[in-house]
Amino acid sequence: MYGGGNIFEKPENEIQEDPVKLAEFEARILAGEKIEPTDWMPKEYRKQLIRMIEQHAHSEIIGALPEGTWITRAPGFRRKLALMAKVQDEVGHAQLLYSAAETLGKPREEMINDLISGKSKYSNVFNYPAVTWADTAVIAWLIDAGAIINQVANSKGSYGPYCRALERICQEESFHLKYGHDNVVFLATGTPKQRQMVQEALNRWWPPIMHFFGPSDKISVHTETLMRWKVKMASNDDMRQKFLDMYVPKIWDLGLTIPDPKLRKNEETGVWEYTEPDWNEFKRVINGDGPCNAERLAVRKMAEEKGKWVREALLNRNEMYSVPLS
Amino acid sequence: MYGGGNIFEKPENEIQEDPVKLAEFEARILAGEKIEPTDWMPKEYRKQLIRMIEQHAHSEIIGALPEGTWITRAPGFRRKLALMAKVQDEVGHAQLLYSAAETLGKPREEMINDLISGKSKYSNVFNYPAVTWADTAVIAWLIDAGAIINQVANSKGSYGPYCRALERICQEESFHLKYGHDNVVFLATGTPKQRQMVQEALNRWWPPIMHFFGPSDKISVHTETLMRWKVKMASNDDMRQKFLDMYVPKIWDLGLTIPDPKLRKNEETGVWEYTEPDWNEFKRVINGDGPCNAERLAVRKMAEEKGKWVREALLNRNEMYSVPLS
Amino acid sequence: MPIKSIDPRITRANIEIQNKETSKENKVLEKLDHWQTYEVFAQNKRGEHYSHVGSLHAPNPEMAWILAKEQFGRRNKITGIWITKTSDIFSVTENEEEMFELNSEKIYREAGGYKVMDRINKFKKENKKISEK
Amino acid sequence: MPIKSIDPRITRANIEIQNKETSKENKVLEKLDHWQTYEVFAQNKRGEHYSHVGSLHAPNPEMAWILAKEQFGRRNKITGIWITKTSDIFSVTENEEEMFELNSEKIYREAGGYKVMDRINKFKKENKKISEK
């Protein structure tokens, strides 16, 4: 579950790359070929890929927390089983993605350290709480829907190991989407109280969903090189438009109200119009001041610390770190 | 290049197998599933598979000799290159097949020992000499054609590693067949001397070709169990009929005479009639008294002996034998 | 101050919130705390070749096998797993591409490099002429 | 008596024919004379997973890599080779089949386990009736 946005930084200073190797590298990508771990690649490509895949991995493992909270309170045995399976999938996705990032040379331990210390980011939506059961339904449907749009695009990217991980992930996500939709439909077609619950959850989650694909293209960092290198596969606004196009009609079908009076599709341009999301709040939350940032990192830290004795009991310190092959 | 025939022996005494495991094993094969190296299998299945795959491997490596002899004397640079590529393929096939047999627990060294000592057999055709360049053309066309018929059938068998090796082998053999056909056509449509050469080669090779698929079903060892276990995929006579059906018309098309006055297709039954091959000669030759048996084994022995110092220089005796996984 | 969460289990765990400034220096994990990596190969169906499915962290091959089964054999049924340490795989890392270049003019070792029908047809036509005379 | 062959190279090599009786006891090779086995994984195209292509005998990983390239990268172009000793692969050999059994009633974690259109259509129909009144 990862939506992109705000993940690329401007290079601190221009790195001079071997122009012959750079030309070969770009020609390969232009020809639709994948880059593999042992290939030559620009330093900036490696750096931005690590950042992106690492953020994606963190988003999966942190994203398991707001949903995991509801396993014991899920209504009915079948929904408990399904939610457990979904949460297990998300943790499995984190593992796949950490491995893909490791092929670029950053050990998993460093990534987890950077997550816990707040140096690395993850998808901002997981800094908000899942207040009721209906929140988990909205997350599983709409956040996962957004993630699939992003991940399907990224699976056509240029880096082999990341693409292979995403193929497996997208296959599993299709269940998440259906599961979430089923839960939302159940509530939205249920009693007035159930309808109220899901409407309130939608009200809470609409702003984070609009934030999910990252800042508007007008204000986001220049990504032309990353698009040419097939690291970033679509602009934030393009993905947001795609999401609105696919899901707003489905939400309206259920008689739910989207809490944005300006939201409409301009039938002439085919473009969705909406109230500009509050990007100051987005920046404030991603930089640590959201309702759940502190809790998420503290829980993750506890998990690493409480697992330490088990890992140590099994650890063989004679091993050298080696970069995974794929 | 391997045609089957005379490769199965009667079990010395009936081995009692666990009836439950045997039933599961047979059910799996009936369902079209493959058997893998770590699965339970009847002792007789393992034994007969080792025998068959080992003979197939020996046939590839020994089959490289009569053709290899002609590399330096092949007419023209292109034919030299093509023949070298073909001989390299055959040796590569031997390697693939030895590996497949090794998954059943018999080390390659033992197989080579059994080949050189005469304990293991190989396809009888390679105990005949390639007297002229035209002989190599007939071998590459018609012996490889027979081998493909056999190998395509066997690739539908029950043992996973053997099937996987055969798939790769069959893909490579298609070049051998075309290369051989091209050489035969060149000679058969050439000067009277060239036509005479290829006709004489065909006269020499027709009896070994008729022997190639093994003794007639009437006199061969009972193979019902091996057919049910998908070790043997077609009867010797069925494969011979298939070969005649596909290739006799092609040979006649070239105006060549097949040295068997009785050879004709019975248009009522659809079955080819022919002079019964001399199965006494077949037995005599396979048991060691063919024109080239002694030379083939002696050359193979020399190769192992002359390569010994190279292998030893690189050898690390600390290794334990381990059964390959696939 | 311990965290007060909407998840009662987290509230009960009495977790202290990290000090934002000091936590920046906080290294929870040392190198290899998550053990070394293993490469996982799985067989999707009997008869098929084993194929690489990914890598994972584990303390030993046995645990790697168990984790691999959970990670790669949980959703779709597989028929076998092979595990090997990443460091036990030998590969070549530089200019690998060029090492695999094939000589493009090797059509003589492809089935498609041979065309015999022209010669056969010419031969049959000429033979027919002779027999018609 | 040395072999007299139609291949002059073999005749020149002066090879003695084996005595048929004594040769039966002849062990030319000892165990491991052909070294240990390695498993070979190849990538057919960039972006694809590495897949097992077979095993071979070699004295060390470097030679195994070279032999693998000749054996498996000679005909069709490949883009990479991984080599690992057969003995470095960990697998489970007994009753493997049963270990991979999945609980068949796990439809709740498949996309196909969810049917929502009936409920949506019923809801829309009822809503229509209410608004028509």
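Quick note: numbers below take in every heavy atom, side chains included, and nothing from hydrogens, waters or symmetry partners. Below, read A as the first sequence line, B as the second, and so on, with proteins coming before strands; counting in each chain starts at 1.
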Applying a strict 4.5 Å limit to non-hydrogen atoms, the region of C:Lys45 in contact with chain B is neither
Nearest heavy-atom contact between B:Ala85 and C:Tyr108 is CB-CE1, 4.1 Å
Problem set entry | Heavy atoms of other groups near B:Lys80 NZ, more than 12 under 6.0 Å | yes
CD1 of C:Ile120 to OG1 of B:Thr189, rounded to nearest 0.5 Å, is 8.0 Å
Taking every heavy atom of C:Ala111 against every heavy atom of B:Ser174, the minimum-distance pair comes out as CB-O, 3.7 Å
- Atom NZ of B:Lys178 with >12 non-hydrogen neighbours under 6.0 angstrom: no
Bottom line for C:Gln43: the part with an atom under 4.5 Å from chain B's heavy atoms is side chain
NE2 (C:His49) and CZ (B:Arg168) are apart, to the nearest 0.5 Å, by 6.5 Å
Heavy atoms from other residues, nucleotides or ligands near NZ of C:Lys122 exceed 12 (cutoff 6.0 Å)
no
Cut-off 4.5 Å, heavy atoms of chain C, and the answer for B:Ile35 is backbone
> Are the side chain of B:Arg164 and the backbone of C:Gly47 linked by a donor-acceptor contact shorter than 3.5 Å?
Replying inline: yes
Bottom line for B:Tyr159: the part with an atom under 4.5 Å from chain C's heavy atoms is neither
Exercise. Taking side chain as C-beta onward, heavy atoms only, is B:Arg78 less than 4.5 Å from C:Ile107?
Worked result: yes
Residues C:Glu110 and B:Phe175: closest non-hydrogen pair is C-CB, 3.8 Å
Under 4.5 Å to a heavy atom of chain C? For B:Arg28 that would be side chain
query: Should the pair C:Tyr114 and B:Tyr179 be assigned to parallel (<30°), tilted (30 to 60°) or perpendicular (>60°) ring geometry?
result: perpendicular
#### Entry: Derivation of the salt bridge (Lys or Arg N to Asp or Glu O under 4.0 Å) call for B:Glu33 and C:Arg46
CA-CA 6 Å; B:Glu33 281 187 34; C:Arg46 285 163 165 279; 3.7 Å; yes
So CE of C:Met117 and NE2 of B:His181: to nearest 0.5 Å the spacing works out to 7.5 Å
Comparing B:Asp182, B:Leu177, B:Asp89 against chain C, the one with the most heavy-atom pairs below 4.5 Å turns out to be B:Asp182
